Amino acid sequence: MATSATPASTSSEPRIRWSGSGTATRVGEPDRGPTATGATLDRWPTDSSSRPRRTSSTGAADPSCPSGRGVFWFSGRLETSQEWDMSTDTTAAVPRRADGGADDAALPYRYGAPLAAEIERRWQDRWAAEGTFHAPNPSGPWADPAGIGGDKVYLLDMFPYPSGSGLHVGHPLGFIGTDVLGRYLRMTGHTVLHAMGFDAFGLPAEQYAVQTGTHPRTTTEDNIRRYKAQLRQLGLGHDERRSVATTDVEFYRWTQWIFLQIYNSWYDEAQQKARPIAELEAEYAAGTRPTPDERSWGELTSVEQRGVVDSHRLAYISEAPVNWCPGLGTVLANEEVTADGRSERGNFPVFRRSLKQWMMRITAYADRLVADLDRLDWPDSVKAMQRNWIGRSEGAQVRFPVAGVGTPIEVFTTRPDTLFGATYMVLAPEHPLVDAITPEAWPSDVDARWTGGAATPAEAVAAYRDAAARKSELDRQENREKTGVFTGAYATNPVNGQPIPVFVADYVLMGYGTGAIMAVPAQDQRDWDFATAFGLPIVRTVQPSEGWDGEAYTGDGPAINSANDEISLDGLGVGEAKRAITDWLSARGGGESVVQYKLRDWLFSRQRYWGEPFPIVWDADGMPVALPDDQLPVELPEIDDYSPKTYAPEAADTEPEPPLSRASEWVEVDLDLGAGPQHYRRETNTMPQWAGSCWYYLRYLDPENEERFVDPEVEQYWLGKDPARGPADPGGVDLYVGGVEHAVLHLLYARFWHKVLYDLGQVSSEEPFRRLFNQGYIQAFAYTDARGAYAPAEEVVESTAPDGTVGFTWNGQPVRREYGKMGKSLRNVVTPDEMCERYGADTFRLYEMSTGPMDVSRPWSTRDVVGSQRFLQRVWRNLVDERTGEARVTDAEPDVETLRALHRAIAGVHTDFAALHYNTAAAKLIELNNHLTKTYGSTGVPRSVAEPLVLMMAPLTPHVAEELWALLGHEGSLAHGPFPVADEQYLVAETVEYPIQVNGKVRSRIVVPADAGIATVEAAALAEEKVVGLLDGREPRKVIVVPGRLVNVVV
RNA sequence: GCCCCCGUAGCCCAACCGGCAGAGGCAGGCCCCUUAAAAGGGUCCCAGUGUGGGUUCGAAUCCCACCGGGGGCACCA
């Protein structure tokens, strides 16, 4: 039983060439690599023949791995691996019969779930024992100079949050997809880095802790273990040594360190980059940079000096309106608040409150974050969302003086060309100038509509502010009728000296621009609506296009009514007029051109327990002090009560109270931070969940490094800029796969951090993720009964009525089908565990990959999984005797038709794998196997066809492929190749059949030699019987010959 | 309201740069194997590409309009 029936020789068929390295390499002529097939592989350029051979893949187990501390990944399963002990028994590839009971006794080696389970577990153990997927580094503990080739590929999945409910079949779609690509690339000679970690801080573990008293770390670690077990059984080729969790103390130590890098930096606008804060202090001290109030640096007290410096930091404390969510007991980032003013998590109301919080100065990078999108290979939709979120717009800042008030009203406008049409102004209700400009009494001739019925302007404003504050975000959105009230004040339009009334209205938002606008009703619909409601004048300053019958005209056109004694815009187009008036304003000090962003600074503190503590303490002056590197990590203290103080969801006036503030022994510390021993209080907020995910991809590169967050040489190798991709290449992960839901949050924050690290010289790459791919989702059907309750989807029966309509019933009751997510509450969850048990991981992987291209969402259908199982069963049966478990391949020469089918498949799968079109790759393999079944089903398949088929299956169904490869007599794993390369001679047919179209309709066909020239084809087509008949003696007007395709005769 | 993506067989999906609409799977019909069963073997069937125009010798593919589905943004000055 130890060896297969057929000799363990390699193919005797010389026409297959292999790429990569491996036992079957035989080279008749120089290996041209996958590109020789005409495949479009520009993403993964390779010349695989020159690839250095990977040593750790085929040889003995990696000494650093088997049971030592390097493997903390599936450590719970290592006992099992000793049971099989595959690392020492390389000949035991013949499957042991599994006692599943489902197999027919006469066919003990039929490929089914029990056999698949046995094969899968055995190969997973062997891969782990041999370190098959360990990726080498250029330096450090895993340095392997021989394994470092030129063609490295860093594949990355968006790492999961290990939730308590485990994985359902939708979760691993992307993980399997990257694994297939990784396996393909490894087999074609690339050096692939693929690892998986866990984004493990966050609310659910904390909420569970609050409910049960279980420490969040316990829950988190249990969940991670469960995830790892679930992922392991899928056979993902990850380098398990590189797995990290954001909650590992050794990981968040570096999260804290990066925070300090950001804290200890400022943004130099002149150089457009972050610089160490010490350089700013030096500029102040040397007097080359003026202090805000023009005093000399020495005149400032040390607290004042620190205040000035702190105000420049990229991480800073700010007392500003933030999103306070009493229901969660924490503040939230703008990105975590939904459009209707509720928390993304928990759906609690969110209130704007002024609170002292940590902020990150992401706005300093707004311009670069927009501009560098052009350098990324990302989906357009994600780029568009980021552009939209950053909201860059160019315009002018214009000052409108108010009589009797020292400070003019500043507005931002994208349409300075329409200044002559500005007939009133609006301030946001919260605008700081409102009180200053509001006079004691109404002007004598005030319009009754403007006062809101109040006796004085102050009363009117107060009443309006009250009403505005009471309005929820939802009200504001649903009811867009323009409301507002006159402040009683007039400002002066700087271009024509006209006094224009100043209103307060909530359609102007304090959060954007300056919180004040000049209103130009003729060219802005919102202003038009307001002006009509309040009887304000409307002056057109852009000539609407011919036939315009709308209200506000926002299109292009010549300026009109736009002249004063010094300047005339009349006749100029919008663009020219903008430039002209901005120049005029700048010259007179009335304004200047500016760029405005919607992006706000990132609110970085949370009142939670289960997050990274800040490496910050507060001193006696109430100022923050950064801890030195040698004080890291700042570990989370053990506390009794993990809950932040939460409040009634509507209790807007409450104060956040972080759980850590109650750990007084931890909070109160005496430290010597250079100025002698002093008493400090620790910062008690924690970082938001996004912190760890901002840099985890860097830690995968070098997770055991205790000196640095990542070794520079290692970072350069895996992420560095690649000149071969052109001068604009920003570097970064070669392929990042995940759902589109992170389009602005995680992906924007991570880009920001990466750019800061780049500016500070800590990384060589300018962007974290060079290429991004959004996978689709696996959706599912759910079924509701008459009462609207969900029925278990598994038990719903589909039935076709006599009239052909399809219906669904559960327990005999009709149910209604819905399409959507998979989830416990919808009672339609299917888990990968169930699928592995019923069919095996290979079947499950193949099914997920064959139902459609990676980026398309599709419904899950358990019923269909059997199709993938049948395919594997057929391949197995073609290559293995189901009674003996021995290979039944032959050494016969394959016929030419088979060779053509084989090489067509080889050429096709290269293209498909590289393009992530796994569904079509699978189809080609099925097609090839169907051909083999037909041709050799009864006699046994020639080895020279069986081997490449097995190898091509390996990325999709690695376990069964490894098993077959071993049964065919190969000792080593096929994980590092070889991979077949198509032979051109079998891709071109000797003859070509041309369809003949007459006036675009196919009328006939001819067969000509493949190398026939256009003239020959044309002559043959025109001589064809039916064509002659159709022409009926007429001369064709035109004959189009598309080489290799068709002939079209136009009559 | 604005922007983006997608509509091909009963279902999931193929079709390279405009060139014969069909690769693959599911479901369905029939036949075979089997004591029986199917997660066995074989074979067959089904659409003319959401609708209407246009460009072209030729359109699933390019353009326009509309319909349907999904997503994003939403008083951003």
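Excluded from the calculations below are hydrogen atoms, water molecules and symmetry mates; all remaining heavy atoms, backbone and side chain alike, are included. Given the structure is predicted, the values throughout are model-derived calculations rather than measurements. Just so we're on the same page: letters track the sequence lines, and every chain starts at 1.
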Pairing nucleotide - [N], Watson-Crick or G-U, each distance under 3.5 Å:
{"N": "B:C73", "answer": "B:G1"}
{"N": "B:A36", "answer": "none"}
{"N": "B:G7", "answer": "B:C67"}

Sticking with atom [atom1], work out how far [N] lies from [M], rounded to a whole angstrom.
{"N": "B:A77", "M": "B:C6", "atom1": "C1'", "answer": "34 Å"}
{"N": "B:U49", "M": "B:C62", "atom1": "P", "answer": "16 Å"}
{"N": "B:G29", "M": "B:G69", "atom1": "P", "answer": "33 Å"}

A:N919 side chain near A:T851 side chain, heavy-atom distance below 4.5 Å | no

Could you tell me whether A:E592 atom CD has more than 12 heavy atoms of other residues or ligands within 6.0 Å of it?
-> yes

Any chance CD of A:E837 has more than 12 other-residue heavy atoms, nucleotides or ligands included, within less than 6.0 Å?
-> no

Earlier contact from the 5' end, RNA chain B, for A:K1038 and A:I517 = A:K1038

Ranking A:V856 and A:S861 by the position along RNA chain B of their nearest nucleotide, the one closer to 5' is A:V856

For the side chain of A:A113, starting at C-beta, report the closest nucleotide among B:G41, B:C26, B:A39.
-> B:A39

Of all the choices, B:A77, B:C57, B:A14, which nucleotide is nearest to the side chain of A:N919 once you look at every atom?
-> B:A14

Counting any heavy atom closer than 4.0 Å, what does A:T933 reach on the DNA or RNA strands: base, sugar-phosphate only, or nothing?
-> sugar-phosphate

Could you list the protein-to-nucleotides 18-20 of chain B atom pairs, N/O on both sides, closer than 3.5 Å?
residue	atom	partner	partner atom	Å
B:G19	N2	A:N1048	ND2	3.4
B:C20	O2	A:R1005	NH1	2.5
B:C20	O2	A:R1005	NH2	2.5
B:C20	N3	A:R1005	NH1	3.0

Sequence-distant partners of A:R858, salt bridge (charged side-chain N to carboxylate O under 4.0 Å, His left out), two or more places apart = none

